[in-house]
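Below is one structure, written out as structure tokens; comments come after it.
What you see is a predicted model, and the numbers here were worked out from it, not measured in a lab. In what follows, every heavy atom counts, from backbone to side chain, and hydrogens, waters and symmetry copies are set aside. Whatever order the structure lists them in is the order used to number ligands and atoms, beginning at 1.
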Amino acid sequence: MLNAGGLYLDAAMGSVPFLVLSGGAAFAGGVSSENSFASRPGAGNHDRMSRTSGGPSGWDDGGAEGPPPAAGMRLAWPLVPAGLRQAVEQRLGGPVVEAVTQPGGFSPGVAARLKTATGKRAFVKAAGPVPDPESPGIHRAEARIAAALPEGTPAPRLLGFFDQDGWVVLMFEDIEGHLPAQPWVAGELALVLQAVAELAVALTPAPIEAPAVADRFGAEFQGWRRLAGAGRRGDDNLAGLDPWARRHLADLAALETGWDAAAEGASLVHADLRADNLLLTGDRVVVVDWPWACLAGSWFDLVAMLPSVHMQGGPLPETIFSGHPVARTAHPGAVTAVLAALTGFFVRQSRQPAPPGLPTLREFQAAQGRTALAWLKIRTGWR
Ligand SMILES: Nc1ncnc2c1ncn2[C@@H]1O[C@H](COP(=O)(O)OP(=O)(O)O)[C@@H](O)[C@H]1O
Ligand SMILES: [Mg+2]
């Protein structure tokens with residue numbers, strides 16, 4: 001999402017001396033925004049979901065190219081400051097002999113599967129204050145949630161966590177799995193939707209303390225109000241804004257104001273469910289990357305995830321939502337208000353400058369904004 005394709009907060013630009021693109025080779029001296037998703041899983045051996053059953057719409061007919069990848073700039077393990085590498089090796093009980101940077105996700109830092117000389121494995125995620133000063137704090141939030149998640153939650157176990165020299169390092173149980181194929185294939189999507197239903201049951205009532213969804217996203221879920229304000233002040237000429245959204249901007253801003261009361265609930269939700277935060281291992285679905293977890297209605301996760309599913313070749317959001325068990329507990333008006341806020345977030349954020357170290361995020365948000373908006377048009381019924 002929310003990081004929804006990213007609830008990363010904008011921050012001051014820093015220099016980025018040594019970074020790699022996901023799955024790519026390390027290079028020094030700068031950052032290329034040519035972000036090929038080298039290890040992007042293919043769908044060649046699967047049945048792609050038929051376009052007639054609702055393939056990606058909301059595209060400027062970029063069908064051949066597909067949606068933007070959920071990929072960012074990653075730091076290769078050998079380029080991590082030596083003191084931090086040693087601290088990890090000490091905790092893992094031996095020198096690292098293999099490090100494979102993982103695709104999927106935007107955090108500018110390390111995301112690598114490590115193997116030590118003694119065969120011990122761990123997934124390590126680490127970020128320092130450069131290029132994105134917000135990233136260490138997000139990792140800290142993830143550590144708090146991950147440490148508290150009860151056993152039995154389909155999430156990697158947190159093996160260790162430390163703060164050192166401004167860096168935050170998390171070590172997780174290594175999950176031998178793969179990201180869902182892109183575009184989505186029916187069998188994998190069915191497994192994931194089943195997992196979302198099971199998660200909603202297991203995490204209601206919330207088994208751990210977490211902030212309320214209104215506190216978590218209150219500052220961000222004001223997109224339509226901000227756009228309307230910026231339009232009025234002349235700070236944003238609203239060029240390129242969807243004509244329907246422009247026509248209904250005042251109504252959307254009003255609808256959005258009710259999102260926080262609408263989303264309130266007693267479930268622990270992940271709040272960033274998306275293909276790049278899901279690992280499939282045989283018939284198991286493991287959910288990774290929990291920094292945004294908060295208390296909300298159990299249907300919040302599905303609503304927040306579905307625009308990305310459609311963007312990535314899955315069925316229309318309403319088709320999935322209306323047939324899903326979590327929808328039974330949802331008030332239709334509440335869903336529409338939350339969807340309005342989510343859409344406003346995507347649309348407004350996508351018009352902002354990229355946060356430092358996350359050059360692909362805005363395009364990803366814009367693409368989710370298009371599918372979310374198409375769903376919102378249907379749910380509001382506004383012409
Ligand atoms: N415990 C794990 N074991 C193996 N791979 C993982 C694990 N956790 C995450 N990954 C892989 O690493 C990628 C990035 O991890 P994630 O925690 O989602 O980072 P980000 O905050 O950048 O989104 C995921 O898309 C997934 O492919
Ligand atoms: Mg992620």
State whether Asp289 and Lys125 are salt-bridged, where the test is any N-O pair (Lys NZ or Arg NE/NH1/NH2 against Asp/Glu carboxylate O) under 4.0 Å.
yes

Between Ile175 and ligand 1, which part of the residue brings a heavy atom under 4.0 Å of the ligand: side chain, backbone, both or neither?
both

Could you tell me whether any N, O or S atom belonging to Asp289 is less than 2.8 Å from the Mg ion (ligand 2)?
yes

Salt bridge check, Arg113 against Glu98: does any charged N sit closer than 4.0 Å to a carboxylate O?
no

With heavy-atom distances below 4.0 Å as the criterion, list the atoms of ligand 1 near Gly105.
22 (O), 23 (O)

Can you list the ligand 1 atoms lying under 4.0 Å from a non-hydrogen atom of Asp276?
18 (O), 24 (C), 25 (O)

Kindly confirm or rule out an N or O of Asp289 lying under 3.5 angstrom from an N or O of ligand 1.
yes

I need the atoms of ligand 1 closer than 4.0 Å to a non-hydrogen atom of Asp174, numbered in the order shown.
3 (N), 4 (C)

One finds that the ligand 1 atoms under 4.0 Å from a non-hydrogen atom of Gly104 are 13 (C), 14 (C), 24 (C), 25 (O)

Strictly under 2.8 Å, is the Mg ion (ligand 2) approached by any N, O or S atom of Asn277?
yes

Side chain, backbone, both or neither: the part of Ile138 lying under 4.0 Å from ligand 1 by heavy atom
neither

Mind running ring-ring contact (aromatic ring centres under 6.0 Å, His included) on Phe217 and Phe345 for me, showing each step along the way?
CA-CA 10 Å; Phe217 299 123; Phe345 167 76; 7.7 Å; no

Taking atom types as modelled and ignoring hydrogens, do the side chains of Gln90 and Gln86 form a donor-acceptor contact shorter than 3.5 angstrom?
no

Subset of ligand 1 atoms that lie under 4.0 Å from at least one heavy atom of Pro156
1 (N)

What atoms in ligand 1 come closer than 4.0 Å to a heavy atom of Asn277?
18 (O), 23 (O)

Between Asp132 (side chain only) and Glu134 (backbone N and O only), is there a donor and an acceptor less than 3.5 Å apart?
yes

Please work out whether any backbone atom (N, CA, C, O) or any side-chain heavy atom from C-beta onward of Lys125 is under 4.0 Å from ligand 1, and answer side chain, backbone, both or neither.
side chain

Between ligand 1 and Pro103, is the shortest N or O to N or O distance under 3.5 Å?
yes

Arg74 heavy atom under 4.0 Å from ligand 1
yes

